[in-house]
Amino acid sequence: MIRTPLTRWFDLTTPVIGAPMAGVSGGELAAAVSRAGGLGMIGVSGRHSADFVTSESAIPAEAELPFGVGLMIWTLADRPDLFEATVAAKPSLVSMSFGDPEPYVGPLHDAGIAVVAQVNTVADAHRALEAGVDVLVAQGTEAGGHTGQRALLPLLQEVLTLTDRPVVAGGGIATGGAMAGMLVAGAAGVWIGTALLSCTEGLNGAAARQRIRETSGDETVLTRAFDVAEGIPWPERWPGRALVNDFSQAWHGREDELVDDDAARRLVVEGRRTGDPAHAPLYAGEAVGLVTAERSATDVVRELTADAEKALRAATRLMG
Ligand SMILES: Cc1cc2nc3c(=O)[nH]c(=O)nc-3n(C[C@H](O)[C@H](O)[C@H](O)COP(=O)(O)O)c2cc1C
């Protein structure tokens with residue numbers, strides 16, 4: 001069994017966290033990850049209701065499985081109800097990402113809830129450490145969904161020099177070998193999102209899962225175009241990594257023009273409504289090329305863990 005400070009802290013049997021993914025990871029996906037001995041998280045965006053947080057959290061809670069909730073800090077100024085519902089749901093871990101976690105750490109700790117923050121730069125890591133977060137995730141630019149510009153490996157190495165608190169690696173991890181590599185590099189665990197995008201327990205639909213299985217890692221783009229089109233006020237420093245489609249090919253890099261082009265913007269809004277893959281965003285990371293089958297998240301995490309154990313044993317044989 002792989003033991004790290006993360007598994008000891010949260011009483012896990014594998015150092016795998018199922019990343020919060022708004023629109024994909026609800027209570028069923030989180031429960032499926034936790035059933036494999038990892039820690040599954042529920043992704044919450046500003047479009048969700050507080051009832052969503054409550055009802056999705058009840059799924060792992062009623063199965064007596066540990067779970068976490070991931071919030072986007074920049075959405076909370078207008079939506080304090082999401083934070084309140086999260087605290088009331090009593091998760092083991094709350095991810096406070098994409099903003100300054102400082103105002104939230106005290107109330108979470110007072111409620112007995114551990115706090116994790118995804119960081120995209122060294123400056124973010126300093127801010128999270130000063131705020132008192134318990135666990136950091138170095139989120140590389142390879143990651144699916146909204147992320148920063150720095151590659152995982154150098155960011156992870158640099159963040160590890162700053163702290164003794166557990167640092168988890170996120171972005172592009174989809175094989176046991178990669179998981180083992182991150183642990184050897186010093187990470188306390190892995191934070192996987194894209195690897196779970198074709199799971200039977202996800203909130204994403206069959207068509208999205210099929211597209212995930214058919215796409216290679218060459219076909220993603222880190223872009224603000226979809227957020228501009230949908231009128232979602234994501235801070236500019238966090239673009240989103242999505243599959244390339246007709247819309248991103250036409251508008252990525254031309255966001256300033258797109259703001260004023262109502263017809264083009266409507267293509268994305270309508271595309272989301274009708275499920276049109278040429279225009280709707282499908283957020284996924286560079287590891288998408290490794291996702292080739294529809295499976296239970298429990299099996300994905302179990303296989304990742306078994307393969308990481310094999311890789312770690314093989315690594316010791318490199319010596320001498
Ligand atoms: C579809 C999708 C939705 C995401 N939604 C969220 C979210 O709601 N909150 C969050 O903190 N991160 C979100 N992320 C980022 C993940 O938490 C994580 O950093 C990322 O998936 C890790 O990289 P990987 O996709 O290469 O495994 C999302 C990622 C994806 C792919």
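Note that ligands are numbered from 1 as they come in the structure, with each ligand's atoms numbered from 1 the same way.
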Show which atoms of ligand 1 fall inside a sub-4.0 Å distance from at least one heavy-atom site of I192. 27 (O)
For the pair E257 and R254, find out whether any cationic side-chain nitrogen is under 4.0 Å from an anionic carboxylate oxygen. yes
Salt-bridged, R237 to D124, with N to O below 4.0 Å? yes
Relative to atom 17 (O) of ligand 1, which among G43, G193, P281, P20 owns the nearest non-hydrogen atom? P20
Would you mind listing which atoms of ligand 1 come within a distance below 4.0 Å of any non-hydrogen atom of Y283? 1 (C), 31 (C)
Out of all atoms in ligand 1, which are within 4.0 Å of some heavy atom of G171? Include the element for each. 22 (C), 23 (O), 26 (O)
Counting each atom of ligand 1 from 1 as listed, which ones have a heavy atom of A19 under 4.0 Å away? 16 (C), 17 (O), 18 (C)
Below a 4.0 angstrom heavy-atom separation, can you tell me which part of Q139, side chain or backbone, both or neither, approaches ligand 1? side chain
In the protein, which heavy atom is nearest to atom 4 (C) of ligand 1, and how far is it? M21 CA, 3.3 Å
Among G240, G217, A143, closest by heavy atom to atom 22 (C) of ligand 1 is A143
Nearest to atom 26 (O) of ligand 1, what protein heavy atom do you find, and at what distance? G172 N, 2.7 Å
Would you mind listing which atoms of ligand 1 come within a distance below 4.0 Å of any non-hydrogen atom of Q118? 10 (C), 11 (O), 12 (N), 17 (O), 18 (C), 19 (O)
What pairs of residues pass the ring-ring contact (aromatic ring centres under 6.0 Å, His included) test when at least one of them lies in residues 146-181, not counting sequence neighbours? H146-W234, H146-Y283
Tell me: protein heavy atom nearest atom 29 (C) of ligand 1, and distance? G144 O, 3.1 Å
Ring centres under 6.0 angstrom apart (W238, F98): yes
Chi angles and distances behind the side chain to side chain donor-acceptor pair (under 3.5 Å) call for Q118, T147: CA-CA 9 Å; Q118 295 186 84; T147 186; over 6 Å; no
Under 4.0 Å from a heavy atom of M72: give me the atoms of ligand 1 that qualify, with their elements. 7 (C), 8 (O), 9 (N)
Answer yes or no: is there a side-chain heavy-atom contact under 4.5 Å between L76 and L82? yes
Closest protein heavy atom to atom 25 (O) of ligand 1, given as residue, atom name and distance to 0.1 Å: T194 OG1, 2.5 Å
Inspect the contact between R265 and E230 and indicate whether a charged nitrogen and a carboxylate oxygen are less than 4.0 angstrom apart. no
Can you find a heavy atom in the side chain of R302 that is under 4.5 Å from one in the side chain of T298? yes
Give me the residue, atom name and distance of the protein heavy atom closest to atom 18 (C) of ligand 1. W191 NE1, 3.4 Å
Residue portion contacting ligand 1 (non-hydrogen atoms closer than 4.0 Å) for A287: neither
Where is the tightest heavy-atom contact between M179 and I2, given as atom of each residue plus distance? CE-CD1, 4.1 Å
Which of the atoms in ligand 1, numbered in the order shown and given with their element, are less than 4.0 Å from a heavy-atom of F98? 10 (C), 11 (O), 12 (N)
Contact with ligand 1 for A195, non-hydrogen, under 4.0 angstrom: no
Under-4.0 Å salt bridge between R35 and E28: no
Is there side-chain contact between V228 and W251, with heavy atoms separated by less than 4.5 Å? no
